[in-house]
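The structure under discussion appears below in the form of structure tokens.
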Amino acid sequence: QVQLVESGGGSVQSGGTLRLSCAGSGYTYTHNCVGWFRQAPGKEREGVADITSDGSTTYADSVKGRFTISQDNAKNTLYLQMNSLNPEDTAIYYCAADTICGSYYIPAVGYWGQGTQVTVSS
């Protein structure tokens with residue numbers, strides 16, 4: 001049974017940092033990518049970043065230079081380091097496994113975590 005469990009969300013002030021983690025178990029790669037998505041209130045879910053098994057990364061333009069995705073294959077854990085946060089980053093952040101690399105194509109995502117709330121105040 002696939003499980004993706006996010007942690008690390010919270011409330012910070014503008015300019016602050018957070019590190020999200022996603023511990024995964026019970027899945028195998030088919031599309032060979034894992035990543036992070038987010039959904040802000042009243043908006044559609046959008047891709048944030050993803051990473052291949054060999055460490056190649058892609059980022060949404062809105063987070064380039066501020067967010068860093070990484071993974072620890074030994075721990076089967078995905079991370080998202082978020083720096084220079086601003087109120088527009090406020091959203092529920094979802095870990096996703098078995099994605100199409102670089103496309104952020106939501107219907108193709110195989111597995112979702114339950115989400116973790118990130119709130120950035122000005």
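Just so it is clear, the values below take in all heavy atoms, side chains as well, and ignore hydrogens, waters and symmetry mates. Source: prediction; values computed, not measured.
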Check: Which residues satisfy the salt bridge (charged side-chain N to carboxylate O under 4.0 Å, His left out) test with Asp61, sequence neighbours excluded?
Finding: Lys64
Note to self: In the structure I gave you, are the side-chain heavy atoms of Met82 and Val118 within less than 4.5 Å of one another anywhere?
What the structure shows: yes
Check: Of all residues at least two apart in sequence or in a different chain, which pass the side chain to side chain donor-acceptor pair (under 3.5 Å) check with Asn83?
Finding: Gln81
Next item on the list: Mind checking the CH2-CG spacing from Trp36 to Leu80? Nearest 0.5 Å is all I need.
Entry: 6.0 Å
Check: side chain to side chain donor-acceptor pair (under 3.5 Å) with Thr119: which residues, sequence neighbours excluded?
Finding: Gln117
Check: Shortest non-hydrogen contact from Ala60 to Gly47?
Finding: CB-O, 3.5 Å
Item checked: Any residue meeting side-chain contact (heavy atoms from CB on, under 4.5 Å) with Ala40, in chain and number order, not counting sequence neighbours -> Lys43, Ala91
Note to self: Would a single hydrophobic cluster contain both Tyr79 and Val34, if residues Ile, Leu, Val, Met, Phe, Trp and Tyr are joined by side-chain heavy-atom contacts under 4.5 Å?
What the structure shows: no
Next item on the list: Each residue besides Tyr94 in its hydrophobic cluster should be listed here, by chain and number; the cluster joins Ile, Leu, Val, Met, Phe, Trp and Tyr at side-chain heavy-atom distances under 4.5 Å.
Entry: Phe37, Ile92, Tyr104, Ile106, Val109, Trp112
Next item on the list: Take Tyr59 and Thr68 through the side chain to side chain contact (heavy atoms under 4.5 Å, CB included) test and state the conclusion after the steps.
Entry: CA-CA 8 Å; Tyr59 295 93; Thr68 302; 3.8 Å; yes
All N/O donor-acceptor pairs, side-chain side in residues 1-9, below 3.5 Å, sequence neighbours left out:
{"from": "Glu6", "atom 1": "OE1", "to": "Gln114", "atom 2": "N", "distance (Å)": "3.0"}
{"from": "Glu6", "atom 1": "OE1", "to": "Gln114", "atom 2": "NE2", "distance (Å)": "3.3"}
{"from": "Glu6", "atom 1": "OE1", "to": "Gly115", "atom 2": "N", "distance (Å)": "2.9"}
{"from": "Glu6", "atom 1": "OE2", "to": "Cys95", "atom 2": "N", "distance (Å)": "2.7"}
{"from": "Glu6", "atom 1": "OE2", "to": "Gly115", "atom 2": "N", "distance (Å)": "3.2"}

Check: Which value, rounded to the nearest 0.5 Å, describes the distance between Leu78 atom CG and Ile51 atom CD1?
Finding: 7.0 Å
Without placing hydrogens or testing angles, list every side-chain donor-acceptor pair under 3.5 Å for residues 10-20, not counting sequence neighbours.
none

Note to self: Is it the case that the side chain of Asp72 and the backbone of Lys75 share a donor-acceptor pair, with hydrogens and angles ignored and the cut-off at 3.5 Å?
What the structure shows: yes
Notebook entry, point to check: Among all residues two or more places apart in sequence or in another chain, which pass the side-chain contact (heavy atoms from CB on, under 4.5 Å) test with Thr52?
Noted result: Cys33, Asp54, Ser56, Cys101
Next item on the list: Please identify each residue that fulfils salt bridge (charged side-chain N to carboxylate O under 4.0 Å, His left out) with Asp89, with sequence neighbours left out.
Entry: Arg38, Arg66
